[in-house]
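Structure, as structure tokens:
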Amino acid sequence: MNFFIVSLIKTGLVAFALLTTLAYLQWIERKVLAHIQLRPGPYRVGPHGLLQPLADVIKLVTKEGILPPQAHTFFYLLAPILAVSVALTAIVVIPFGPEVTVFGVTTNMGLADLNIGILFILAISSLGVYGVALGGWASNSKYPLLGGLRSSAQMISYELPLALALAAPLLIMNTLNFREITVLQGGYWLGFIPKWNIFAGPFPQIFSFIIFLIASFAETNRVPFDLPEAESELVGGFHTEYSSMGFASFFMAEYANILTVCCVGTVLFLGGWQPLWPAAYGSDFAPVVILFGSAAILFFHGANALKSRLWDRFSFPVFGVVFLILGALFLVPVLKPVVVPLFWFLSKSLFLVFVFIWIRGTLPRFRYDQLMRFAWTFLFPVAVVNLLVTSFLVAITSN
Amino acid sequence: MSVPDITTSATLDQALNPAQPDGETTTRRMTLNMGPQHPSTHGVLRILLELDGETITKAEPDIGFLHTGIEKQAEALNWQQVVTLTDRMDYLANLSNNLAYALPVEKLLQIEIPDKAQWLRVLLVELTRINSHLVWLGTHALDLGAMTVFFYCFREREDILRIFEMFSGQRLMTSYIRIGGLALEPPRGWQQAVKKFNDALPSRIDEYEELLNLNPIFLRRVQGVGVLPLEKLLALSVTGPLIRAAGLKWDVRKSEPYSSYEKFDFDIPVYTESDVWARYRVRMEEMRQSQRIVKQALEGMPEGPWKADAPKVVLPDREKMKTQMEALIYHFKIVTEGFRVPAGEAFVPTESPRGEIGFFVVSDGTSKPLRVFMRTPSFGNLQALPALFEGNLVANSIAALGSLDFMLGDVDR
């Protein structure tokens with residue numbers, strides 16, 4: 001009974017946090033991209049466009065959902081549902097923090113503690129291809145068909161290097177459970193280098209990490225591998241015919257996938273919730289310093305707001321107060337064991353998300369044949385060699 | 001196969017894939033209707049593609065969606081009014097088009113344009129070239145998926161448009177170069193504005209090249225893509241950066257100098273590969289050369305009047321009009337009737353950002369042109385499209401399409 005109630009509460013919390021993050025991920029992407037491109041980004045709806053995601057959701061929900069007459073109705077409607085539900089499911093195996101005791105209840109910070117977590121992620125992400133392929137095919141239209149074909153081929157091709165890159169750290173860890181993987185990455189070499197997998201002995205998994213990142217760009221259809229939705233060639237790619245919630249579902253699935261791969265990367269390679277430097281040197285106070293520092297910057301800029309941005313005089317101090325409150329949370333002894341690991345986990349994951357957006361603002365797009373050649377003639381062999389070297393070194397050192 | 005008759009067939013597919021005799025198996029090719037609302041057709045071009053997988057087996061450009069009747073309209077307006085139409089043909093080469101129209105009419109009128117007006121024309125036309133190439137670069141990079149370059153290019157373009165606005169009061173439809181000189185006196189402080197922009201430009205071009213030239217993904221998308229031999233390009237009447245990228249050193253500014261281009265020192269970039277990469281480098285280098293010309297024009301700007309001394313053609317100063325009887329009469333005649341141009345015909349080729357543009361004007365001695373034929377570079381360049389598309393991947397043809405740098409208003413006019 002107790003287990004069910006706790007699970008329900010946790011599911012509710014994670015679902016709420018996940019959906020909010022997804023909505024705001026889009027705001028973050030638009031803001032970061034805009035600043036790379038010398039423009040302000042969303043600015044009109046709410047202070048600094050903070051209500052833009054809400055406006056977008058309302059817009060998308062109230063739009064008319066068009067069912068093209070030539071489309072295969074069942075699969076046409078199934079595809080976005082499949083894509084989004086699969087993408088949202090993947091988050092359940094991610095551990096956000098260690099085992100904690102809150103209000104006398106001891107529980108894991110994470111929804112499901114599967115002992116085959118990684119296999120689950122791989123299986124789920126393979127299912128995601130169906131959403132895209134079905135969407136492209138069921139639209140029964142030419143551009144979506146080409147987009148769907150491209151993306152199925154691309155996602156299947158890049159799944160191999162992705163799986164091989166994931167296998168290498170598993171050899172060192174010797175477990176498939178995300179929680180155990182994170183726990184094993186605790187501790188420090190020489191007292192200050194974290195024992196994360198990218199620094200791990202006997203063979204640092206930095207190459208695996210890079211291969212994983214590249215392959216996950218392709219898996220999530222992001223620049224430079226965004227061929228399925230290459231707007232200059234295929235208009236909207238597989239979701240050209242979708243409108244309203246169908247389109248929103250594909251969009252949400254894309255962002256959920258980004259979030260998932262970033263979380264997996266964090267857990268597997270960047271030590272999950274493990275802090276960057278030991279708590280003995282005050283890593284617990286890093287979030288406090290960062291948040292209070294941000295609050296101070298906001299207060300300063302609020303006081304010195306440009307004449308053209310008078311609204312900032314009110315909005316910046318309000319944000320500053322919010323940051324102060326958030327920072328103060330990290331000083332509350334009861335909450336500390338919950339929020340500190342959460343901070344490290346989120347900051348690493350969001351850094352990876354930032355890398356995704358950064359790349360989008362920088363690189364052009366591959367051509368279809370180049371993309372395939374890159375996967376099969378470069379990424380795949382490198383992943384195999386990396387796996388062989390790792391397994392060889394692991395075999396030597398374990399004896 | 002000729003242009004398919006889409007009016008009688010039920011679908012486009014049926015039009016392009018006529019019924020085969022029974023028992024004969026054929027692989028059906030997919031017909032893709034690219035445009036006129038496709039994001040990469042740069043306006044309202046429609047291309048009928050016949051696809052075999054992702055390879056294009058046949059491409060039929062379909063123009064006319066932006067037909068404005070400018071050529072015919074020119075016959076109903078008087079000589080000076082036609083200048084305003086030339087902007088509307090191609091909003092990225094507005095001043096180049098103004099100049100290309102003014103030159104043959106001035107040839108018929110046999111009026112001398114003072115040095116200062118000529119140098120200012122050169123300066124403005126070169127700024128137009130930079131403007132056009134910036135937009136080309138931004139949209140071309142956008143087609144290849146590099147979003148950010150687009151915004152950087154538009155930052156500089158904005159500066160140029162501000163300079164245009166300073167001169168003429170208009171950002172796009174400038175109509176600033178008129179028959180007999182310029183439309184208005186150059187504004188106060190134009191030297192500083194142009195100098196500030198021109199001095200900053202080389203470092204900005206370096207910035208774009210840093211973003212693109214060393215990017216392996218970009219290089220792979222453009223190198224060896226869209227290759228057409230020079231003979232083929234010449235047979236298709238392609239001009240401008242495209243033939244210079246194919247190895248022909250032909251630039252009207254050098255070979256048949258007009259508007260005192262012979263007094264400026266600049267190079268013509270030539271590459272021999274004739275692929276998208278060569279066209280990219282030609283245009284980047286042209287921007288640098290245009291910057292050089294603008295610099296020379298700024299430094300060596302002669303003193304003197306900015307319009308010709310031709311009272312029957314050029315409007316008098318306001319002050320003279322109010323004080324002198326004769327000036328008032330000329331003003332009245334020019335404004336109400338327009339000036340008369342001696343009967344005859346003239347053609348002066350000029351080098352617009354897109355290639356060779358020339359207006360063939362015919363006069364019957366009245367105040368309205370009998371015929372204005374426009375030899376526009378975009379129309380010629382667009383003829384290379386089927387040759388560039390056929391046998392290529394869709395992704396490659398998008399890169400090749402961008403490298404043509406056509407303007408649909410210029411094609412359809």
Side-chain angles (χ1 to χ4, degrees), chain A residues 29-30 32-41 69-70 136 140-151 153-154 214 217-218 221-237 240 357-374 377-378, chain B residues 11-13 29-35 37-42 49-51 53-56 138-156 158 207 210-212 214-225 276 392-399 401-402:
Chain A
E29 166 150 35
R30 287 170 71 174
V32 172
L33 211 55
H35 285 285
I36 291 174
Q37 296 167 347
L38 316 164
R39 45 193 187 98
Q70 81 278 12
N140 198 5
S141 170
K142 285 163 186 173
Y143 286 113
L145 179 68
L146 285 175
L149 272 176
R150 278 184 176 191
S151 65
Q154 169 182 337
I214 294 173
F217 276 107
N221 293 336
R222 296 281 299 186
V223 173
F225 305 107
D226 64 336
L227 294 173
E229 41 201 86
E231 64 200 11
S232 56
E233 295 149 33
L234 299 180
V235 193
T240 307
I357 303 169
W358 188 12
I359 297 280
R360 183 174 172 202
T362 322
L363 292 183
R365 182 182 301 128
F366 271 103
R367 206 172 61 212
Y368 182 61
D369 58 324
Q370 290 168 348
L371 172 111
M372 291 308 231
R373 202 174 304 136
F374 181 73
T377 64
F378 178 75
Chain B
T11 65
L12 218 54
D13 276 321
R29 295 203 168 128
M30 187 162 114
T31 334
L32 196 63
N33 186 22
M34 198 168 151
Q37 296 100 355
H38 190 278
S40 323
T41 49
H42 296 274
L49 296 179
E50 216 181 289
L51 294 179
E54 285 218 19
T55 314
I56 297 168
T139 50
H140 186 46
L142 195 64
D143 285 348
L144 298 176
M147 286 166 83
T148 305
V149 183
F150 178 75
F151 291 95
Y152 286 19
C153 290
F154 268 57
R155 172 185 60 189
E156 271 70 73
E158 198 59 33
E207 202 177 328
E210 265 168 41
L211 277 169
L212 295 173
L214 297 175
N215 189 324
I217 302 178
F218 177 76
L219 293 183
R220 281 200 198 169
R221 285 299 301 278
V222 294
Q223 280 173 346
V225 169
V276 180
N392 277 322
L393 290 173
V394 178
N396 274 348
S397 29
I398 294 295
L401 187 73

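Convention: sequence-line order gives letters A, B, ...; per-chain numbering from 1.
The one candidate from Val225(B), Ile398(B), Ile217(B) that meets the side chain to side chain contact (heavy atoms under 4.5 Å, CB included) condition with Arg367(A) is Val225(B).
Of all heavy-atom pairs spanning Phe366(A) and Arg221(B), the tightest one is O-NH1, 3.7 Å. Of all the heavy atoms in Tyr143(A) and Met34(B), the pair that sits closest is OH-CA, 3.3 Å.
For chain A, the nearby parts of Arg220(B) are the backbone and the side chain; heavy atoms of each come within less than 4.5 Å.
Residues forming a ring-ring contact (aromatic ring centres under 6.0 Å, His included) with Phe154(B) (at least two apart in sequence, or on another chain): Phe150(B). Qualifying side-chain contact (heavy atoms from CB on, under 4.5 Å) partners for Ile357(A), counting only residues two or more places apart in sequence or in other chains: Ile28(A), Glu29(A), Val32(A), Leu33(A), Arg222(A), Val353(A).
The closest side-chain heavy-atom distance from Thr148(B) to Thr362(A) is not below 4.5 Å.
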